Protein chains: 2
Amino acid sequence: MTHAAARPATLEDVARAAGVSRSTASRVIAGTGFASPDARDRVVAAVDQLGYVPNPAARALVRGAGVRLAVAVTGTTSAVLDDPYVDRVVAAAARVCTPQGLGVALHWLPRHAPQALRQLAFDRGVCGIVLVNTTEPVLDAVPRSLRGRIASIGIGSAAVPSFDVDNGGGATAVLHHLHATGRRRIAMVTGPRWLSCAGRSVRAYRQVMREAGLPVRLVRGDFTATRGRAAAREVLDRWPDTDAIFAASDATALGVIAGLRRRGVRVPGDVAVAGFDDIPLAELSTPALTTASHPVGRIATAAAQAVLDRRPTPPATFFPSALVPRDSA
Amino acid sequence: MTHAAARPATLEDVARAAGVSRSTASRVIAGTGFASPDARDRVVAAVDQLGYVPNPAARALVRGAGVRLAVAVTGTTSAVLDDPYVDRVVAAAARVCTPQGLGVALHWLPRHAPQALRQLAFDRGVCGIVLVNTTEPVLDAVPRSLRGRIASIGIGSAAVPSFDVDNGGGATAVLHHLHATGRRRIAMVTGPRWLSCAGRSVRAYRQVMREAGLPVRLVRGDFTATRGRAAAREVLDRWPDTDAIFAASDATALGVIAGLRRRGVRVPGDVAVAGFDDIPLAELSTPALTTASHPVGRIATAAAQAVLDRRPTPPATFFPSALVPRDSA
DNA sequence: CTGAAAGCGCTAACAC
DNA sequence: GTGTTAGCGCTTTCAG
């Protein structure tokens with residue numbers, strides 16, 4: 001039973017109630033060091049009875065550890081933080097942190113000022129960092145002191161383990177599907193140039209096209225729907241005989257469909273459209289969007305976990321992306 | 001210039017560098033108490049030069065404050081945490097916390113065990129709480145000790161200031177639009193029964209119907225698209241002459257449209273459909289979804305801010321919801 | 001195996 | 001105005 005006290009119990013209270021010293025109580029609770037079964041039991045009972053919860057601030061202070069995990073998103077402006085993708089990452093990280101008495105902070109890392117990362121590294125309140133949309137310059141700016149407590153969702157480096165979706169595999173699956181259903185002039189709307197991890201799906205595209213002896217038709221995108229709309233027009237103007245468009249994100253794909261529609265092009269009748277991410281609304285759009293899955297929550301959970309556990313981590317972990325065939329392609 | 005040190009600077013270092021005592025440095029940095037302009041300048045310079053960042057753990061410890069803001073979401077199962085809406089709230093809260101050296105934690109509050117809230121209240125690591133999807137029993141379970149550092153997104157109480165969208169106003173705007181465009185048999189798919197704040201739009205619906213002398217046609221929903229699909233069939237079966245459906249969320253509305261389509265009903269030709277929330281993809285669906293805006297980010301920001309600032313807060317703050325007319329109604 | 005004691009970095013009385 | 005001092009709650013040597 002939890003006894004409701006006016007003032008939350010401290011370790012001192014627990015120790016007194018258990019008839020042991022603070023040190024012993026601490027050892028039992030932190031699970032570090034030795035303690036007799038008897039002492040252990042009494043401490044556990046006292047903890048339970050008083051509803052004791054360790055004060056994470058005190059703990060962090062004495063251990064020299066931080067109290068929050070920083071999610072740092074690289075981007076040109078702070079607008080990159082206004083993104084459902086970032087929201088997912090932050091929420092997933094928060095779920096991982098909560099049981100440990102930690103919190104999550106959200107930072108924008110200016111793309112052209114990667115030194116900002118050092119600030120974060122020096123903040124004694126930060127126990128670890130999860131990088132999002134990382135670039136090579138940012139990775140190069142990672143100070144030694146961050147070793148073992150930083151991970152990246154996207155590309156990684158020798159010092160920074162990476163966690164990401166296998167966009168190469170997902171893209172290949174989508175493109176094979178397009179090819180298998182008879183499409184032969186397949187254009188792709190890519191992600192932003194500066195985002196290296198977006199390059200993997202472009203490489204997959206080039207390779208599939210080469211193997212199939214098909215022409216390469218690339219249009220630069222930025223993951224947004226707005227850009228997708230414009231990109232659709234661009235594709236139509238440059239290569240009027242295009243019969244399929246693969247977009248690097250679902251939002252872009254939806255924009256592409258809207259753009260196509262406006263020009264009187266039928267989807268998937270005239271042009272098939274496929275996206276990437278399988279966002280919740282992909283299956284609700286009309287036509288339902290063919291896409292590839294992207295387990296953002298699981299990826300972010302793994303990255304946050306790796307940072308908190310400070311456990312040896314493989315340099316790169318890829319999460320499979322599966323084709324989700326629906327109506328648009 | 002930030003001088004890169006092996007060990008992050010402490011207040012002690014700053015004080016020494018500025019030639020003052022720790023207290024004076026503390027006063028200047030925390031902005032509390034007096035300090036001569038001269039001392040102030042020297043401290044500021046030292047902070048800058050050493051790249052000093054206060055240790056939030058130490059600060060929280062001595063002040064008896066927490067180091068994280070808890071976002072607590074009420075629901076039957078922990079699955080309520082898997083919701084883009086919750087993601088938005090958490091991310092917005094994280095942005096507010098970050099500059100203060102705080103983090104965000106995410107908790108599930110079992111709907112049938114509101115006592116869980118006491119646990120949170122006793123956790124000395126928690127500096128404040130933002131309630132999401134609150135119910136009356138949860139509000140009743142708020143302990144005194146939380147006064148002044150808790151806010152609710154949704155319904156509030158005497159002890160808990162609330163921040164929410166004006167769903168009554170938004171619903172009214174949508175319904176007037178439906179009526180103005182000639183719809184006369186308007187059904188509504190509601191939110192879950194246990195969620196009181198969802199009741200406001202139902203009340204608005206009842207009132208508009210009464211004033212217009214139109215029949216009330218209510219189907220219970222749960223904000224999901226899946227339920228929307230089923231609800232569409234239910235509406236069609238019970239009231240075949242329905243010419244408009246207002247859904248309490250965009251996801252539901254999109255589900256309704258899908259369900260309608262499957263039955264060969266044209267939207268908006270045969271039945272107009274309107275949603276609520278204006279999620280990013282509302283404008284990308286086909287037909288583009290008519291809806292009412294819902295500034296989740298601003299609401300969450302305000303709620304988090306209020307909790308952190310511990311500033312006197314009006315008992316209820318409503319954020320306007322505006323009609324966003326598109327193609328579906 | 002256990003307790004005493006020394007701090008972690010900071011703030012807030014309280015003297016000067 | 002400024003410095004001195006006493007902790008906040010916890011972990012961790014170091015003796016017993």
Side-chain angles (χ1 to χ4, degrees), chain A residues 5 7-44 46-47 50-68 100-102 122-127, chain B residues 5-44 46-47 50-68 100-102 122-127 310:
Chain A
R7 176 184 54 84
T10 71
L11 184 59
E12 179 78 49
D13 300 330
V14 172
R16 195 171 17 239
V20 299
S21 70
R22 277 214 315 278
S23 332
T24 302
S26 173
R27 281 184 213 109
V28 171
I29 292 166
T32 163
F34 309 90
S36 64
D38 181 51
R40 191 177 305 275
D41 288 350
R42 292 190 354 250
V43 170
V44 169
V47 164
L50 296 169
Y52 171 73
V53 183
N55 183 333
R59 201 173 252 195
L61 179 58
V62 68
R63 289 208 282 232
V67 291
R68 59 188 205 276
Q100 319 228 26
L102 300 172
F122 272 139
D123 186 332
R124 266 120 67 263
V126 172
C127 61
Chain B
R7 175 185 55 86
T10 71
L11 184 60
E12 179 78 49
D13 299 330
V14 172
R16 194 169 19 237
V20 299
S21 71
R22 276 212 319 276
S23 333
T24 302
S26 173
R27 283 185 211 109
V28 171
I29 292 165
T32 164
F34 308 90
S36 65
D38 181 52
R40 191 177 306 275
D41 288 350
R42 296 202 336 259
V43 170
V44 169
V47 164
L50 296 169
Y52 171 74
V53 183
N55 183 332
R59 201 175 253 196
L61 178 58
V62 68
R63 287 207 284 230
V67 291
R68 60 190 204 275
Q100 319 229 25
L102 300 172
F122 273 139
D123 187 332
R124 267 123 63 262
V126 172
C127 63
R310 272 214 189 54

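Convention: sequence-line order gives letters A, B, ...; per-chain numbering from 1. Note that the structure is predicted; figures quoted are calculated from it, not measured. Note: hydrogens, waters and symmetry copies are ignored here, and every other heavy atom, side chains too, is used.
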Nearest-0.5 Å distance that lies between atom CZ in A/Arg27 and atom CZ in A/Arg22: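 Between atom CZ of A/Arg27 and atom CZ of A/Arg22 there are 11.5 Å.
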What distance do A/Ser21 atom OG and A/Arg16 atom CZ have between them, rounded to the nearest 0.5 Å?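 CZ of A/Arg16 is found 12.5 Å from OG of A/Ser21.
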Do [X] and [Y] make a side-chain contact, defined as non-hydrogen atoms from C-beta onward lying under 4.5 Å apart?
X	Y	answer
A/Asp38	A/Arg42	yes
B/Val14	B/Val43	yes
B/Val53	B/Pro8	no

Round to the nearest Å and state the distance from [X] atom [atom1] to [N] atom [atom2].
X	N	atom1	atom2	answer
B/Asp13	C/dC8	CG	P	12 Å
A/Arg63	D/dT13	CZ	P	12 Å
A/Leu11	D/dG7	CG	C1'	16 Å
B/Asp38	D/dG1	CG	C1'	11 Å
A/Asn55	D/dG7	CG	P	18 Å
A/Arg42	C/dG3	CZ	C1'	13 Å
B/Leu61	D/dA6	CG	C1'	13 Å
B/Phe34	D/dT2	CZ	C1'	12 Å

Going by heavy atoms closer than 4.0 Å, what residues in residues 16-23 of chain B are next to DNA chain C?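 Result for residues 16-23 of chain B: B/Arg22, B/Ser23, sorted by number.
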Nearest to the side chain of A/Thr24, heavy atoms from C-beta on, is which of C/dG9, D/dC10, C/dT2?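 The listed nucleotide nearest to A/Thr24's side chain is C/dT2.
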Measuring from the side chain of A/Pro54 (C-beta onward, heavy atoms only), which nucleotide among D/dT2, D/dC10, D/dG7 has the closest atom?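 Of D/dT2, D/dC10, D/dG7, D/dC10 is nearest to the side chain of A/Pro54.
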Quick one: label [X] by what it contacts on the DNA or RNA (base, sugar-phosphate, nothing), any heavy atom closer than 4.0 Å.
X	value
A/Ala35	sugar-phosphate
B/Arg27	base
A/Ala57	nothing
A/Ala60	nothing

Heavy-atom donor-acceptor pair, B/Arg40 side-chain to D/dG1 base, under 3.5 Å: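 Such a pair does not exist between side chain and base.
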How close do [X] and [Y] get, heavy atom to heavy atom, and via which atoms?
X	Y	value
B/Leu102	B/Arg68	CD2-N, 4.5 Å
B/Asp123	A/Pro56	OD1-CD, 4.3 Å
A/Tyr52	A/Ile29	CE2-CD1, 3.7 Å

Using heavy atoms to find the nearest nucleotide of DNA chain D for B/Gly64 and A/Ala30 separately, return the residue whose nucleotide is more 5′.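 In this pair, the answer is B/Gly64.
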For DNA chain D, whose closest nucleotide is more 5', that of B/Ser36 or that of A/Ala58?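 Closest to the 5' end, via its nearest nucleotide, is B/Ser36.
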Is the shortest side-chain N/O distance from A/Ser26 to OP1 or OP2 of D/dT11 below 4.0 Å?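 Yes.
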